[in-house]
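Hydrogens, waters and symmetry mates play no part in the numbers below; they use all other heavy atoms, side chains included. Counting convention: from 1, in listed order, for ligands and their atoms alike.
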Amino acid sequence: AKENGKNDFQIFMPFLLLKNLNKIEIEKNLRKAIENDEFVLYYQPVVNLENMEIHSVEALIRWFLAQKGMVSPLEFIPVAEESGLIVRIGEVVIEKALKDLKDWEQRGINDIHMAINLSARQFKTKYFENTVAKLLEKYSVDPFKISFEITETGAVENFDVSLKILGFLCQMGIKFLIDDFGTGYSSLVYLKRLPISGIKIDKSFISELEFSKESRAIVEGIILMAHKLGLKVVAEGIENKKELEILKGIGCDFGQGYLFSKPLPKDEVESLLLQKKIL
Ligand code: C2E
Ligand code: CA
Ligand code: CA
Ligand code: CA
């Protein structure tokens, strides 16, 4: 794995590129970005901690502004959500991800799964299920290879709407993961009333693992309870071997983080997918 992944990323990405613009201007730029197809997907491997093979990749959106550099999703996703533009951007993301997954399949990479982030506003729009079904058909992708990541709050807000949409997509074979688990207030027991198949423990817990007995107890407890409820667990933000060893020791199923690989453009992640084993 690349030890300097994190530094590369920071040098490459001028943070807060949009800080001098107001929301209206960002919105205007986002609309143009949709028209001009300025969004790109990067992919970060998710590793099966039992055999250290890549199980899936998570699609992470990047926005390249001509001559200016890359804008972080942390900056523009909130504006996109507020303005409703996330619905269109989200569609673009799903379409690009399915297309790339199909490309990989055609090059003999058959056993890789794809995780796609959804914002609450996006998956609760009318006809979201239809959009997904149409795109799966267009690229003839097996729904069993797809998982959608949604946040705790997004999942439990308008619970009945969530239940209906998740239920429909689940029947098709798509899986749902609860993202940033531990940062919200909802309980696993409540979440379990939705058809979810796993949780992603937020990286804020993982970074404290090596220093704090309490964090370790919390993560261990989350994993135990998740497993009892039949859920798989992914740890986000694994940055060093020590964190990895602790997580393996307490039975975490999957891991993701700079220790394995930072998010990479399609062509670069492809060579990792071909080699399959990581570290
Ligand atoms: P997230 O879904 O929690 O994604 C994980 C974030 O952690 C990513 O940031 C990833 O690059 C970063 N990361 C991965 N490994 C490490 C590590 O070892 N250490 C540290 N410090 N960070 C790590 P990124 O790509 O900047 O995305 C930020 C957030 O933007 C995502 O958080 C997600 O909430 C949102 N986002 C990204 N792409 C999409 C998208 O296509 N749609 C939607 N709705 N949201 C997206
Ligand atoms: Ca995610
Ligand atoms: Ca997170
Ligand atoms: Ca750390």
Side-chain angles (χ1 to χ4, degrees), residues 1-10 12-17 30 33-34 39-47 56-64 70-98 100 114-125 128 146-155 175-184 198-210 234-244 247 254-265 269 278-279:
K2 295 191 183 66
E3 295 297 330
N4 60 342
K6 190 174 183 177
N7 292 330
D8 283 350
F9 198 56
Q10 282 169 344
F12 185 39
M13 181 168 63
F15 256 106
L16 299 174
L17 216 53
L30 277 175
I34 297 171
F39 298 110
V40 175
L41 294 188
Y42 273 36
Y43 295 99
Q44 188 178 38
V46 178
V47 178
S56 45
V57 290
E58 176 179 3
L60 293 158
I61 194 171
R62 299 289 179 263
W63 177 16
F64 289 97
M70 183 159 70
V71 189
S72 163
L74 296 172
E75 281 190 76
F76 70 85
I77 291 287
V79 182
E81 274 169 0
E82 227 176 285
S83 60
L85 288 170
I86 191 67
V87 176
R88 182 64 198 128
I89 294 172
E91 254 176 60
V92 170
V93 167
I94 297 174
E95 175 142 22
K96 284 182 190 292
L98 296 187
D100 288 347
M114 173 72 73
I116 299 170
N117 291 285
L118 298 183
S119 93
R121 178 136 184 205
Q122 177 192 0
F123 81 87
K124 284 174 191 174
T125 48
F128 176 71
I146 305 301
S147 54
F148 283 137
E149 303 188 359
I150 58 178
T151 60
E152 301 177 64
T153 352
K175 292 181 211 48
F176 281 85
L177 302 178
I178 299 299
D179 213 346
D180 302 336
F181 187 83
T183 58
I199 59 173
K200 296 186 78 166
I201 302 180
D202 192 65
K203 56 179 179 290
S204 55
F205 293 96
I206 307 309
S207 62
E208 286 169 15
L209 271 183
E210 34 177 343
V234 187
E236 284 184 347
I238 304 177
E239 293 182 346
N240 61 52
K241 289 232 159 84
K242 185 132 188 244
E243 290 162 355
L244 173 64
L247 286 162
F254 299 97
Q256 191 178 353
Y258 296 160
L259 174 66
F260 304 120
S261 168
K262 61 183 175 171
L264 297 169
V269 86
I278 208 156
L279 287 187

Should you measure from each heavy atom of [X], which atoms of ligand 1 turn up under 4.0 Å away?
X: P263; value: 11 (O)
X: G257; value: 15 (N), 18 (O)
X: G237; value: 16 (C), 17 (C), 18 (O)
X: Q44; value: 14 (C), 15 (N)
X: L74; value: 28 (C), 29 (C)
X: S119; value: 44 (N)
X: D180; value: 3 (O)

Within rounding of 10°, what is the angle whose vertex is the Ca ion (ligand 3) and whose arms end at OE1 of E236 and OD1 of D202?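 The two atoms subtend 80° at the Ca ion (ligand 3).
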Check [X] and report its N/O/S atom nearest to the Ca ion (ligand 2), by atom name.
X: E58; result: OE2
X: E149; result: OE1
X: D179; result: OD2

Can you name the nearest heavy-atom pair linking [X] to [Y], along with the distance?
X: P263; Y: Y42; answer: O-CD2, 3.5 Å
X: S56; Y: M114; answer: CB-N, 4.4 Å
X: V57; Y: P45; answer: CG1-CA, 4.1 Å
X: Q122; Y: N117; answer: OE1-O, 4.2 Å

Run the contact test for G90 against ligand 1 with a 4.0 Å cut-off on heavy atoms, strictly below, and give the result.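 Outside the 4.0 Å threshold, so no.
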Please state whether E58 comes within less than 4.0 angstrom of ligand 1, counting heavy atoms only.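 So E58 counts as touching ligand 1.
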Heavy-atom check, side chain of [X] versus side chain of [Y], under 4.5 Å:
X: L244; Y: L279; value: yes
X: I178; Y: T151; value: no
X: I77; Y: I61; value: yes
X: D180; Y: E152; value: no
X: F123; Y: F148; value: no
X: L118; Y: I94; value: yes
X: F39; Y: I34; value: yes

Proximity to ligand 1 by part of [X], non-hydrogen separation under 4.0 Å:
X: L259; result: neither
X: V93; result: side chain
X: I116; result: neither

Looking at the Ca ion (ligand 2), is there an N, O or S atom belonging to D180 that lies under 3.0 Å away from it?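 No - counting backbone and side chain alike, D180 has no N, O or S atom under 3.0 Å.
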Candidate list K203, Q44, E236, test side chain to side chain donor-acceptor pair (under 3.5 Å), partner Q256, passing option: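 Among the candidates, only Q44 passes.
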When only distance counts, is I61 in polar contact with ligand 1, meaning an N/O pair under 3.5 Å?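 It does: an N or O of I61 is found under 3.5 Å from an N or O of ligand 1.
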Give yes if a backbone or side-chain nitrogen or oxygen of E81 is under 3.5 Å from a nitrogen or oxygen of ligand 1, and no if not.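 By distance alone, the answer is no.
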Of the listed options K203, Q256, E239, closest to atom 7 (O) of ligand 1 (non-hydrogen atoms):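 The nearest heavy atom belongs to K203.
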If hydrogens are left out, which of K200, M70, E236 has an atom nearest to atom 3 (O) of ligand 1, that is, the closest non-hydrogen atom?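 Going through K200, M70, E236 one by one, E236 has the nearest heavy atom to atom 3 (O) of ligand 1.
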Nearest 0.5 Å, what's the CG-CG distance between L247 and L209?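 Here the interatomic distance stands at 5.0 Å.
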